[in-house]
Amino acid sequence: MPVPTNPFKQALAAGEKQIGCWMSFADGQAAEIMGTAGFDWLVIDGEHAPNDIRSIRDQLIALAASPSHPVVRVPLGETWMIKQVLDAGAQTVLVPMVEGGDQARELVRACTYPPEGTRGVGAAGGRATMFASIPDYIPTADAEICLLVQVESRAGLAGLDDILAVEGVDGVFIGPADLSTDMGFKGDSAAPEVRAAIADAIARIAAAGKAPGILGVTEEATQAYHDMGAQFLAVGIDVLVLARNARALAARWKSA
C-alpha cells in the first residue's frame, strides 16, 4: 500500500489556485476549527508561532479529517527539523529564508530518502507511516512530498533563477514583510519598489513552471497579490482574524 496522494502538490502541478490561511495559535483545537472554514491549505507556523514538534503533530492530527491541507513551516532549513515534521506526518514543508540554488538542492535532499537524499529512514514509529501500517511508505513517500521555499531578501531575489532551476522545488513563496525590511522599507510591503519586486518575482516563478505563493494580511494587499498571479495565496492569519473581529465586536457594543 503506497502513501496517500498529496492533493495540494497535485493542485499546484495542475496550475490550480489554492487559497489558504496562516495558523499561529499553536493549538490543536484552534487548528481543528480552522479546518472547518473551507481553506484549501493551512500553514502550521513553526517559525514565528510558539510551536514545537509535539504541537505541530497535534495540529496535523486535528487536520487529518479536514479537506484543508496542512503545510508545516519549519523555523530553519535544517535537515533534522525537516526529518521530524515529515516523520510526524507532514507531506508539505515550507522553508524560510532560502537564497540560492545550492541551499534549495540541500532542502530537496532533506525531503528525499537515500540514495538520492539524506532523509533518515526511521518513520516506522511515527504518523508518516501510520505506525508501520503503510508497508510501501519508503518507496512511495518521495513522490508525494511537496517542498515550498521562501524567498524574502534581496539575496533571495538575486538567487531566484538558480532556485527555480532546482528539480524538486514545487513552489516559491515570497515573504513580503522580510523582503520589504531587507529592501530598507521596514515592513512596508506596500511600497511601490517592494510591490514591483514582488510582481517581478511572481512572474519569474510562474514562467519557470513553479507555483508562486505569498501571504496578504490586508484586503488591498491580498487583492494585489491575487492580480499579480499568486497561485497559492494565504489571505489571513488566524490570530489577526480573532483579534480584529473581537475588537470590532467590543467597539460596536461599547458604543451602542
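In this chain, numbering begins with 1 at the start of the sequence shown. All heavy atoms count here, side chains included; hydrogens, waters and symmetry mates do not.
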Q: For I134, does its backbone N or O pair with a side-chain atom of T129 as donor and acceptor, under 3.5 Å?
A: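 Looks like no, no N/O pair under 3.5 Å.
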Q: Using modelled atom types and a 3.5 Å cut-off, is there a donor and acceptor pairing between side-chain atoms of K17 and backbone atoms of A230?
A: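 Answer holds: yes.
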Q: Closer than 3.5 angstrom, by distance alone: can the side chain of S55 be matched with the main-chain N or O of D52 as a donor-acceptor pair?
A: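 Between the backbone of D52 and the side chain of S55 there is a qualifying donor-acceptor contact (under 3.5 Å).
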Q: Out of the candidates D87, T79, T112, only one should pair with R119 under the side-chain hydrogen bond (donor to acceptor under 3.5 Å, both in side chains) rule; please name it.
A: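 With R119 as partner, D87, T79, T112 yield a single side-chain hydrogen bond (donor to acceptor under 3.5 Å, both in side chains), made by D87.
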Q: If hydrophobic clusters are built by linking Ile, Leu, Val, Met, Phe, Trp and Tyr wherever their side-chain heavy atoms come under 4.5 Å apart, do V121 and M81 end up in the same one?
A: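 Hydrophobic grouping puts V121 apart from M81.
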Q: Looking only at atom types and distance, does a side-chain atom of K83 sit under 3.5 Å from a main-chain N or O of T118, one as donor and one as acceptor?
A: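 A pair under 3.5 Å: no.
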Q: Using the rule given for side-chain contact (heavy atoms from CB on, under 4.5 Å), can you reason through R204 versus D161, listing the C-alpha separation, both sets of side-chain angles and the distance that settles it, and then say yes or no?
A: CA-CA 8 Å; R204 290 161 63 191; D161 290 340; 3.2 Å; yes
Q: Can you tell whether the side chains of D58 and R54 come within less than 4.0 Å, N to carboxylate O?
A: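 A salt bridge is absent here (no side-chain N lies under 4.0 Å from a carboxylate O).
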Q: Step by step, would you call H69 with N6 a side-chain contact (heavy atoms from CB on, under 4.5 Å)?
A: CA-CA 8 Å; H69 181 77; N6 184 334; 3.3 Å; yes
Q: Would you mind reporting whether I82 and L86 have side-chain heavy atoms less than 4.5 Å apart?
A: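 Of all side-chain heavy-atom pairs linking I82 with L86, at least one is under 4.5 Å.
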Q: Flag the pair D102 / R105 as yes when at least one side-chain heavy-atom distance between them is below 4.5 Å, and no otherwise.
A: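 D102 reaches R105 side chain to side chain.
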Q: Quick one: sort the W41 and F232 rings into parallel, tilted or perpendicular, breaks at 30° and 60°.
A: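 Perpendicular: the ring planes of W41 and F232 meet at over 60°.
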Q: Once you round to the nearest 0.5 Å, how far does CG of D170 lie from SG of C146?
A: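 Going from CG on D170 over to SG on C146, the span is 4.0 Å.
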Q: Do D200 side-chain atoms and A196 backbone N/O form a donor-acceptor pair below 3.5 Å?
A: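 No: the side chain of D200 does not pair with the backbone of A196.
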Q: Quick one: CZ on F8 to CD on Q91, what's the gap to the nearest 0.5 Å?
A: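 Nearest 0.5 Å value for the CZ-CD distance: 12.0 Å.
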Q: Keeping Q103 on the side-chain end and M97 on the backbone end, is there a donor-acceptor pair under 3.5 Å?
A: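 At least one qualifying donor-acceptor pair exists.
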Q: Could you check whether any side-chain N or O of T140 sits under 3.5 Å from a backbone N or O of V3, counting only pairs where one atom can act as donor and the other as acceptor?
A: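 At least one qualifying donor-acceptor pair exists.
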Q: Would you say S66's side chain and G35's backbone share a donor-acceptor pair under 3.5 angstrom?
A: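 Checking the backbone N and O of G35 against the side chain of S66, a donor-acceptor pair under 3.5 Å is found.
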Q: Side chains of Q223 and D227 only: does a donor on one sit below 3.5 Å from an acceptor on the other?
A: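 Looking only at side-chain atoms, D227 and Q223 do form a donor-acceptor pair, the distance falling under 3.5 Å.
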Q: Of all the heavy-atom pairs spanning A251 and S255, show the shortest one and how long it is.
A: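 So the minimum-distance heavy-atom pair works out to O-OG, 2.8 Å.
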Q: Let me confirm one number: the CG-OG distance from L42 to S68, rounded to the nearest 0.5 Å.
A: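 One gets 4.5 Å once the value is rounded to the nearest 0.5 Å.
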Q: Distance from D238 atom CG to I33 atom CD1, nearest 0.5 Å?
A: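 CD1 of I33 is found 10.0 Å from CG of D238.
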Q: According to a hydrophobic-cluster definition based on side-chain heavy atoms being under 4.5 Å apart (Ile, Leu, Val, Met, Phe, Trp, Tyr only), do I237 and I56 belong together?
A: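 No; I56 is not reachable from I237 via cluster members.
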Q: With rounding to the nearest 0.5 angstrom, report the CD to SG distance, E116 to C111.
A: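 The CD atom of E116 sits 13.5 Å away from the SG atom of C111.
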Q: Between L157 and V151, is the side-chain contact (heavy atoms from CB on, under 4.5 Å) condition met? List the steps.
A: CA-CA 7 Å; L157 291 181; V151 167; 4.0 Å; yes
Q: Give a yes or no on this: more than 12 heavy atoms of other residues, nucleotides or ligands lie within 6.0 Å of atom CD of E167.
A: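 Open: at most 12 neighbouring heavy atoms sit under 6.0 Å from CD of E167.
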Q: Side chains of Q59 and N51, heavy atoms from C-beta outward: is any pair under 4.5 Å?
A: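 Yes, their side chains come closer than 4.5 Å.
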Q: With distance as the sole test, does D40 use its side chain to make a donor-acceptor pair with the main-chain N or O of I19 at under 3.5 Å?
A: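 Looks like yes, one N/O pair under 3.5 Å.
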Q: Is the shortest side-chain N to carboxylate O distance from E193 to R154 below 4.0 Å?
A: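 Salt bridge absent between E193 and R154.
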Q: Is there a path of hydrophobic side-chain contacts, each under 4.5 Å between heavy atoms, that joins L12 and F39?
A: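 In one cluster: no.
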Q: Has E16 got more than 12 heavy atoms of other residues, nucleotides or ligands less than 6.0 Å from its CD?
A: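 Atom CD in E16 is packed in, count exceeds 12.
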Q: Check for me, please, whether L164 and L147 land in the same ILVMFWY cluster - side-chain distances under 4.5 Å, paths through other members count.
A: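 Yes, L164 connects to L147 through the hydrophobic network.
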Q: Okay, side chain of T92, backbone of V71: is any donor-acceptor separation there less than 3.5 Å?
A: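 No; zero donor-acceptor contacts below 3.5 Å.
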Q: Got V149 and K210 here, is their nearest side-chain heavy-atom distance under 4.5 Å?
A: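 The answer is no; the side chains never approach within 4.5 Å.
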Q: For a side-chain contact (heavy atoms from CB on, under 4.5 Å) with V72, tell me which candidate from L60, V43, V95 qualifies.
A: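 Of all the options given, the one that passes is L60.
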Q: Flag yes if V241 and V239 sit in one hydrophobic cluster, no otherwise; membership is Ile, Leu, Val, Met, Phe, Trp, Tyr, and two members link when side-chain heavy atoms are under 4.5 Å apart.
A: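 Different clusters: V241 never reaches V239 through Ile, Leu, Val, Met, Phe, Trp or Tyr contacts under 4.5 Å.
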Q: Where is the tightest heavy-atom contact between G89 and R127, given as atom of each residue plus distance?
A: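 In this case the closest contact between G89 and R127 is CA-NH1, 3.9 Å.
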Q: Where do I44 and P70 come nearest, in terms of heavy atoms and distance?
A: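 Where I44 meets P70 most closely, the heavy atoms are CD1-CB, 4.2 Å.
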Q: How far apart are the closest heavy atoms of P176 and Y225, and which atoms are they?
A: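 Between these two residues, the closest heavy atoms are CB-OH, 3.6 Å.
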Q: Considering non-hydrogen atoms only, spot the tightest contact between S189 and V194 and give its length.
A: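 Where S189 meets V194 most closely, the heavy atoms are O-CG1, 3.7 Å.
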Q: Could you tell me the separation between the CD1 atom of I163 and the CD atom of Q150, rounded to the nearest 0.5 Å?
A: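 If we round to the nearest 0.5 Å, I163:CD1 and Q150:CD are 11.5 Å apart.
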Q: Can you give me the closest heavy-atom contact between D162 and V166, atom names plus distance?
A: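 Looking at all heavy atoms of both residues, the shortest contact is O-CG2, 3.4 Å.
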Q: With side-chain contact (heavy atoms from CB on, under 4.5 Å) as the criterion, how do V217 and W22 come out once you've worked through the C-alpha distance, each side chain's angles and the decisive distance to 0.1 Å?
A: CA-CA 10 Å; V217 294; W22 233 250; over 6 Å; no
